[in-house]
Amino acid sequence: MDYSDVSTIAAWVTEQGLKGASEVELMTGFCTACRKAGLPLDRGLALMDTLHPVHEGRAFRWDSEEMVETEFEYGPSSAGEAAANWQRSAFYYLWSGNEKEVRRRIGFGDPIDFSLLDTIAAAGHTDFVAMMHRFAEAGTIGEMDCFFSHFSTKHPEGFSDHHLAILRKLVPVLGLAIKCIALGRIARTIAEVYLGEDAARQVMEGKISRGKSERISAALWFSDLLNYTKISDRVPPEEIIPLLNDYSEVAISAVHQAGGNVLKLIGDGVLAIFKGEVPAETCRAALKAEALLREKLRVLNAAREADGRPTTDVYIGLHIGDVFYGNIGSQDRLDFTVIGPAVNEVSRIASMCRSVDLNLLISSDFAAAIPEEQRPSLACVGRYALRGVQRARELYTLDSARLNN
């Protein structure tokens, strides 16, 4: 392998990174190209922490004999067995010290003092090198502060000094390409977590101009927790966040499972929409989400009761109408949401649940739009004046909708 091969491989990695190839494609292509050019790689692994509400980071493994291209996400490494494994690794040795590289010639008597070395030694590997490329503060996001990689070979003589010199030139290029892809993934994740999947998609597609919106017809969902103020007054403060998380989880997951998009979390409230060209189908999806929520609530409340923790119910308002969907705000602080009279009405309908002692209220517009076979399950509750709405509204519920006080 000569230095012209280095330029060729570096150019390929750069091009693939700019094209948006996945991390596993970059890792596989890099290792395969190095091996074909004469660098005796038999196994490689790269990993990088990320910014994600669940996963701490992502890793990518390549194996020449198994022809395995593995991509996996890992959770927090700060406690338990995960912490012990991390602290036994070559990567931790580098991260906690001042070195950028560590090598173990495991086929020639070097100590097997890091995790994984015993496994690869038993598989016939003779030489192992791990590298860390630390980011400067300006290039760090959350815990994503390093690019880690390790490589091993089964070559009878291990890696030569020339082999290692080539790896030292090429691995930073691989790290930069993987970091580029990881940053795009982080941006999408943050947008989806804080804006919702559909709004995030539109923002990532470039719809970020203030005032840019579209008029859509959608089924609207607004839900809130029953007696949240009373509960928060009587339980210890440290119980409030877990309670909100538990009940937000069941509401949001129900909406998502039914094909809806959660746009806002307003204290203990959830605003969601169900988009579609056919009103009957969007209403069907909203009712499916309501049914899923009731099932999830039964499971959640049983578990919380067993733990001696406070329980509650969720009341929901459902409506359908035209809304404006897009960016509202100032030049330096925008919100991607829905606005229009229908949004105000659905929140007022949800608020009426407390007055009529029901956990579900449906507008007459929604009732008229639902599939015909579902209409017999509706019961008219009466005609009510809604605060901020010009005319009184006839409201409906499902026969089974009753609050669990």
Side-chain angles (χ1 to χ4, degrees), residues 196 199 213 215-232 244 247-248 251-252 254-255 258 260-275 279 282-287 289-291 293-294 297 312-326 328 335-370 375 377-405:
S213 63
R215 184 170 183 152
I216 64 170
S217 178
L220 304 170
W221 161 301
F222 194 94
S223 63
D224 235 332
L225 292 185
L226 172 68
N227 294 328
Y228 170 70
T229 302
K230 291 181 180 178
I231 293 171
S232 60
L244 285 174
Y247 286 97
S248 294
I252 293 168
V255 169
N261 289 282
V262 173
L263 297 183
K264 275 185 174 297
L265 303 179
I266 310 165
D268 59 316
V270 174
L271 173 64
I273 61 172
F274 297 81
K275 294 172 61 180
T282 59
C283 291
R284 188 197 300 273
L287 289 173
E290 194 271 343
L293 173 60
R294 299 304 165 196
L297 279 173
T312 187
D313 200 348
V314 176
Y315 56 83
I316 302 169
L318 296 178
H319 188 32
I320 190 168
D322 288 347
V323 293
F324 287 98
Y325 185 41
I328 297 97
D335 192 11
F336 203 102
T337 187
V338 287
I339 60 168
V343 180
N344 179 51
E345 286 183 41
V346 74
S347 68
R348 302 306 185 210
I349 291 168
S351 298
M352 284 297 300
C353 287
R354 286 171 286 190
S355 301
V356 297
D357 198 27
L358 292 168
N359 59 19
L360 173 66
L361 284 177
I362 296 168
S363 73
S364 56
D365 293 331
F366 189 100
I370 69 171
R375 291 176 191 170
S377 63
L378 295 181
C380 183
V381 176
R383 191 173 180 84
Y384 293 90
L386 303 175
R387 185 164 61 87
V389 178
Q390 288 186 348
R391 59 187 179 88
R393 286 281 191 174
E394 228 172 39
L395 300 179
Y396 294 78
T397 192
L398 296 176
D399 283 338
S400 59
R402 291 291 180 269
L403 287 173
N404 298 315
N405 294 313

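The residues of the chain are indexed from 1 along the displayed sequence.
Of the inter-residue distances, the one linking Cys353 atom SG with Asp313 atom CG reads 9.5 Å to the nearest 0.5 angstrom. In this structure, CD1 in Ile316 is found 10.5 Å from CG in Asp224, a value given to the nearest 0.5 Å. Considering CG of Leu398 and OG of Ser377, their distance stands at 5.0 Å, rounded to 0.5 Å. Considering CG of Leu318 and OH of Tyr396, their distance stands at 14.5 Å, rounded to 0.5 Å. In this structure, the separation between CG on Leu386 and CG on Leu395 is 6.0 Å, given to the nearest 0.5 Å.
Within the 4.5 Å cutoff, the side chain of Val262 has no heavy atoms near those of the Leu271 side chain. Annotation: side chain of Val343 is not in contact with side chain of Phe324 (no heavy-atom distance under 4.5 Å). Thr282 places a side-chain heavy atom less than 4.5 Å from the side chain of Ile320. Between Tyr384 and Ile349 there is no side-chain heavy-atom pair separated by less than 4.5 Å. Val255 has its side chain within reach of Phe274: a pair of non-hydrogen atoms, C-beta onward, lies under 4.5 Å apart. Taking 4.5 Å as the limit, every side-chain heavy atom of Thr397 sits out of range of all side-chain heavy atoms of Leu378. Counting only heavy atoms from C-beta outward, the side chains of Asn344 and Ile339 never approach each other to under 4.5 Å. A heavy-atom distance below 4.5 Å is found between the side chains of Leu220 and Val323.
For Arg348, the salt bridge (charged side-chain N to carboxylate O under 4.0 Å, His left out) test picks out no residue, with sequence neighbours left out. The side chain to side chain donor-acceptor pair (under 3.5 Å) search around Lys275 returns Asp198, not counting sequence neighbours. For Arg391, there are no salt bridge (charged side-chain N to carboxylate O under 4.0 Å, His left out) partners two or more places apart in sequence or in a different chain. The ring-ring contact (aromatic ring centres under 6.0 Å, His included) test applied to Phe336 returns Tyr325, not counting sequence neighbours.
For residues 260-274, the side chain to side chain donor-acceptor pair (under 3.5 Å) pairs, not counting sequence neighbours, are Lys264-Asp335.
In terms of heavy-atom proximity, Ala369 sits nearest to Cys283 at CB-SG, 3.8 Å. The shortest non-hydrogen separation linking Gly317 to Ala350 is N-CB, 3.6 Å. Scanning all heavy atoms of the two residues, the minimum distance from Ala251 to Val270 falls at CB-CG2, 4.4 Å. In this structure, Arg383 and Ala392 approach most closely via the heavy-atom pair NH2-O, 3.5 Å.
Judged purely by atom type and a 3.5 angstrom limit, Ser351 uses its side chain to pair as donor or acceptor with the backbone of Ser347. Tyr247 places a side-chain N or O within donor-acceptor distance of the main-chain N or O of Thr312, the cut-off being under 3.5 Å. Between the side chain of Arg354 and the main chain of Leu226, no donor-acceptor pair closer than 3.5 Å is present.
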Go through it in stages, so that I can follow the logic: the residues are Ile216 and Ile273, the test is side chain to side chain contact (heavy atoms under 4.5 Å, CB included), and I'd like the CA-CA distance, side-chain angles, deciding distance and then a yes or no.
CA-CA 10 Å; Ile216 64 170; Ile273 61 172; 4.2 Å; yes
Side chains of residues 360-367: which donor-acceptor partners sit under 3.5 Å, not counting sequence neighbours?
| from | atom 1 | to | atom 2 | distance (Å) |
| --- | --- | --- | --- | --- |
| Ser363 | OG | His319 | ND1 | 2.7 |
| Ser363 | OG | Phe366 | N | 3.1 |
| Asp365 | OD2 | Arg393 | NH1 | 3.1 |

